[in-house]
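Given the structure is predicted, the values throughout are model-derived calculations rather than measurements. Residues take their numbers from the sequence shown, with the count starting at 1.
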Amino acid sequence: MVIRMKSPRSGFTLIELLVVMAVLGLLLSLSVPRLFGNIDKAKESVLRQDLALMRDAIDKHFGDTGRYPESLAELVDKKYLRKVPVDPITERADSWVVVPPQSKEAGAVFDVKSGARGRARDGSDYASW
C-alpha cells in the first residue's frame, strides 16, 4: 500500500504579495522625484552649454568676417556649427530667439536666447539666459 502525503501548496499568499507591492511603492515614491529633478537639471545644463556654443560661434563669425551672421543657418553653412542645436526645454531647433545688433548693416544675429517659457530651478526665466 502506497501512502501519498499531501504536498503543501506552492506559491505566494495574498498578504505576501501585498507586502512586496507596498515595499516597491515606497521605494518608487522615494526615487521618482529625484529622477525628475535630475532630468530638469540636465536639460538646464544642456541649454546653458548650447547657448554658450552658439554665442561663441557668432563671435567667431564676427571676428572672421567683421559682421554678424544673417541667420543661425548661416553659421551652419559656413561650418561654425555642425547644426543648429535643439533647445532641450522646447525640444525644437526653431524656437531660438535671435537678438539683432544695434546697427542693421552689421548683420542680423548679435545674440541668441532660448524661446522656452517658464522658470529655471534657480528662479530665473529661460528667456533671460
Side-chain angles (χ1 to χ4, degrees):
M1 176 183 216
V2 177
I3 299 177
R4 289 189 157 185
M5 298 183 80
K6 284 188 172 183
S7 63
R9 290 186 175 178
S10 61
F12 297 105
T13 65
L14 181 61
I15 298 297
E16 291 170 331
L17 290 175
L18 288 175
V19 168
V20 169
M21 294 296 286
V23 169
L24 286 174
L26 178 66
L27 290 174
L28 283 175
S29 69
L30 293 174
S31 63
V32 169
R34 289 185 182 171
L35 173 69
F36 286 123
N38 287 338
I39 290 173
D40 292 341
K41 185 177 176 182
K43 285 183 177 183
E44 290 177 9
S45 178
V46 169
L47 177 60
R48 288 186 192 272
Q49 185 176 13
D50 286 347
L51 287 169
L53 177 75
M54 288 191 293
R55 288 171 178 158
D56 184 52
I58 292 167
D59 291 342
K60 287 179 180 177
H61 183 278
F62 183 79
D64 290 345
T65 62
R67 65 173 195 81
Y68 293 105
E70 293 299 321
S71 67
L72 294 176
E74 184 179 343
L75 292 173
V76 175
D77 294 340
K78 291 187 176 181
K79 308 291 189 214
Y80 287 96
L81 293 174
R82 288 189 181 187
K83 66 175 188 164
V84 176
V86 174
D87 186 333
I89 308 299
T90 62
E91 298 178 354
R92 295 177 34 204
D94 61 349
S95 65
W96 299 110
V97 176
V98 174
V99 178
Q102 292 177 351
S103 171
K104 295 288 184 191
E105 298 84 32
V109 181
F110 172 72
D111 194 10
V112 64
K113 296 185 180 271
S114 175
R117 293 188 174 110
R119 294 187 179 267
R121 294 167 37 121
D122 63 359
S124 63
D125 291 332
Y126 291 123
S128 69
W129 289 4

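- Listed here is the closest heavy atom pair of Asp122 and Arg48: OD2-NH2, 3.3 Å.
- One finds a salt bridge joining Lys60 and Asp56 here, because a Lys/Arg side-chain nitrogen approaches an Asp/Glu carboxylate oxygen to under 4.0 Å.
- At a threshold of 4.5 Å between side-chain heavy atoms, the hydrophobic network of Ile, Leu, Val, Met, Phe, Trp and Tyr places Val97 and Trp129 in two separate groups.
- The structure places CD of Glu44 at 7.5 Å from OG of Ser124, a figure rounded to the nearest 0.5 Å.
- Residues Val112 and Phe62 share a hydrophobic cluster, clusters being chains of Ile/Leu/Val/Met/Phe/Trp/Tyr side chains in contact below 4.5 Å.
- One finds the CZ atom of Arg67 at 12.0 Å from the OG atom of Ser103 (value rounded to the nearest 0.5 Å).
- Cluster membership check: Leu18 does not share its hydrophobic cluster with Leu28, using side-chain heavy-atom separations under 4.5 Å among Ile, Leu, Val, Met, Phe, Trp and Tyr.
- Scored by the salt bridge (charged side-chain N to carboxylate O under 4.0 Å, His left out) test, Arg117 finds no partners at all (sequence neighbours excluded).
- Taking NE2 from His61 and CD from Glu70, the interatomic distance works out to 8.5 Å, rounded to the nearest 0.5 Å.
- The cluster map of Ile, Leu, Val, Met, Phe, Trp and Tyr, joined by side-chain heavy atoms under 4.5 Å apart, puts Val84 and Tyr80 in the same cluster.
- Nearest heavy atom pair, residue Leu75 against residue Ala57, reads CD2-O, 3.9 Å.
- In this structure Asp77 satisfies the salt bridge (charged side-chain N to carboxylate O under 4.0 Å, His left out) test with no other residue, sequence neighbours excluded.
- Between Pro88 and Leu47, the shortest heavy-atom distance links the atoms CG-N, 3.6 Å.
- Among residues two or more places apart in sequence or in another chain, the ring pair (Phe, Tyr, Trp, His ring centres under 6.0 Å) test is passed with Phe110 by Tyr68.
- When only modelled atom types and interatomic distance are considered, Asp87 and Tyr126 share no side-chain donor-acceptor pair under 3.5 Å.
- Minimum heavy-atom separation, Val86 to Glu91: CG1-C, 3.5 Å.
- Inter-residue side-chain proximity for Lys43 and Arg121 is flagged as unmet; no heavy-atom pair is nearer than 4.5 Å.
- Expressed to the nearest 0.5 Å, how far OG of Ser45 lies from CG of Asp40 amounts to 12.5 Å.
- Using modelled atom types, no side-chain atom of Trp96 and backbone atom of Leu51 make a donor-acceptor pair closer than 3.5 Å.
- Using a 4.5 Å heavy-atom threshold, the side chains of Lys113 and Met54 count as separate.
- Judged as a salt bridge (charged side-chain N to carboxylate O under 4.0 Å, His left out), and not counting sequence neighbours, Asp59 has no contacts.
- Qualifying side chain to side chain donor-acceptor pair (under 3.5 Å) partners for Asn38, counting only residues two or more places apart in sequence or in other chains: none.
- With sequence neighbours excluded, the residues that form a salt bridge (charged side-chain N to carboxylate O under 4.0 Å, His left out) with Lys78 are Glu74.
- Note on Val46: it does not cluster hydrophobically with Ile89, by side-chain heavy-atom contacts below 4.5 Å among ILVMFWY residues.
- Contact between Val98 and Val109 at its shortest, heavy atoms only, is CG1-CG2, 3.5 Å.
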